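The structure appears below as structure tokens.
Bear in mind that the values here come from a model prediction, so they are computed numbers and not experimental data. Only this structure's heavy atoms are used, side chains among them; waters, hydrogens and symmetry mates stay out. Reminder, nothing fancy here: chain letters follow the sequence lines and each chain counts from 1.
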There are 2 protein chains.
Amino acid sequence: MFSKACKYAINAMIYVATLPEGQERAGLKEISKAVNSPEAFTGKILQELVKHDLLHSVKGPNGGFHIQGDTSKIVLSEIVEAIDGDMLFTGCALGLEKCSEDHPCPVHHKFQAIREHLTGMLMTTSLKDVADRVNIGISFLKY
Amino acid sequence: MFSKACKYAINAMIYVATLPEGQERAGLKEISKAVNSPEAFTGKILQELVKHDLLHSVKGPNGGFHIQGDTSKIVLSEIVEAIDGDMLFTGCALGLEKCSEDHPCPVHHKFQAIREHLTGMLMTTSLKDVADRVNIGISFLKY
DNA sequence: ATATTAAAAGATAAAAATATCCTCTATTTT
DNA sequence: AAAATAGAGGATATTTTTATCTTTTAATAT
């Protein structure tokens, strides 16, 4: 469904979104420890998220990553698209290059519904939604 | 969503399922041409499908692959499971090892619904369903 | 029986994804 | 201004996936 890189990205973003006001900046080490992901690889992924303006970074002592603005404004689909691209949202399930309404693959219509369900969920689920669940202790980022 | 191998598998199985009674046996070359997949790699995948009893093979002259019994008895989820395993059906969307009702990842419940939708579709869509659509010309296996 | 055909099996190669390491740059603190 | 910190960037390594090639095995036809 998602690549490993994308899973790490989502987990990392959720973790940063769970940070309390005031201490809303976390270093790479802290993040990768919190979500149980390989540090250096996670660094690359966070760089990509920074490039996509989903995350901000500060260098130097006490530097780290944080989310600028409201976490309710960032939705999961943005993270997925930043890391995995839009194949999940637009690509043919069976790999046909020109799969469309006019020239549909054998599962085109059956998949359409699922895709809409999936993208709908990803486009309406904000970081705040999921981070809140972690903060109140009803869902988890590790193990 | 699916690996390339799995897409080739589904396409190949659909193609074999479209063959008319009597000529219901196709060689590797014919199949890979029909679904636009790399021949040797497709051969490996078909072997795997044979091992999983979803497909049967005959060696020698006029040999090839065919489906024994009714194509309405084989559903897409069996093909997916044979090639990609059950991670799509059981694995955590965010990669948590012990994601469960008791210890859910942040998107566990939101994904539950989508997973049920997806697996429901794959478990109820038979090869006959999709092959018929190809045979009457309303869906396609290539390009 | 022999030759031919086609899948099975094994070895190998190429590409992509995942992961690590080292150096560079920006920032902060002293 | 100098030292220390931490992310950015580049190079490299490993693993997995995808793909190909060669040899073997089984079946058929002559």
For this session: Give the rounded distance in Å between these two atoms: CG of B:Leu55 and C1' of C:dA7.
Result: 11 Å

Exercise. Considering only heavy atoms from C-beta outward, does the side chain of B:Val75 approach that of B:Thr125 to under 4.5 Å?
Worked result: no

Exercise. Looking at D:dT20, C:dT18, D:dA8, which one has an atom nearest to any side-chain atom of B:Phe41?
Worked result: D:dT20

Exercise. Closest nucleotide of DNA chain D for A:Pro61 versus for A:Lys51: which of these residues is on the 5' side?
Worked result: A:Pro61

Problem set entry | B:His103 and B:His108, any side-chain heavy atoms less than 4.5 Å apart | no

Problem set entry | Value in whole Å for how far the P atom of C:dA7 lies from CD1 of B:Ile45 | 15 Å

For this session: Considering only NZ, NE, NH1 and NH2 on the basic side and carboxylate oxygens on the acidic side, decide whether A:Asp129 and A:Arg133 come within less than 4.0 Å.
Result: no

Exercise. Closer than 4.0 Å, any side-chain N/O of B:Gln47 to the OP1 or OP2 of C:dA9?
Worked result: yes

For this session: Specify the separation, in whole Å, of atom NZ of A:Lys7 and atom C1' of C:dT18.
Result: 13 Å

For this session: Could you tell me whether B:Gly43 contacts a base, only the sugar-phosphate backbone, or nothing, with contacts defined as non-hydrogen atoms closer than 4.0 Å?
Result: nothing

Exercise. If each of A:Gly60 and A:Ser3 is mapped to the nucleotide of DNA chain C with the nearest heavy atom, which maps nearer the 5' terminus, i.e. the 5' end?
Worked result: A:Ser3

Exercise. Between D:dA8, D:dG10, C:dA8, which nucleotide gets closest to the side-chain atoms of A:Lys44?
Worked result: D:dG10

Exercise. Is there side-chain contact between B:Glu81 and B:Phe89, with heavy atoms separated by less than 4.5 Å?
Worked result: yes

Exercise. Given atom CD1 of A:Ile83 and atom P of C:dA17, what is their separation to the nearest angstrom?
Worked result: 13 Å

Problem set entry | No-hydrogen, no-angle side-chain donor-acceptor test under 3.5 Å, B:Ser100 and B:Asp102 | no

Exercise. Using a cut-off of less than 4.0 Å, is there contact between a side-chain N or O of B:Lys4 and OP1 or OP2 of D:dA19?
Worked result: yes

Exercise. So which nucleotide from D:dG10, D:dA26, C:dT18 ends up closest to the side chain of B:Lys59?
Worked result: D:dA26

For this session: Give the rounded distance in Å between these two atoms: CD of A:Glu48 and P of D:dA8.
Result: 11 Å

Exercise. How long is the line joining CG of B:Leu46 and P of D:dA19, in whole Å?
Worked result: 14 Å

Exercise. Out of C:dA7, C:dA19, C:dA26, which nucleotide sits closest to the side chain of B:Ser57?
Worked result: C:dA7

Problem set entry | Residue B:Phe65, side-chain heavy atoms: nucleotide from D:dG9, C:dA8, C:dT29 that is nearest | C:dA8

For this session: Could you work out which one of D:dG7, D:dT28, D:dT18 sits closest to the side chain of A:Leu28?
Result: D:dG7

For this session: Using whole Å, report how far CD of A:Glu30 lies from C1' of D:dG7.
Result: 15 Å

Problem set entry | Between C1' of C:dA7 and NE2 of B:His66, the distance in whole Å | 12 Å

Problem set entry | B:Tyr8 side-chain N/O to D:dT18 phosphate OP1/OP2 under 4.0 Å | no

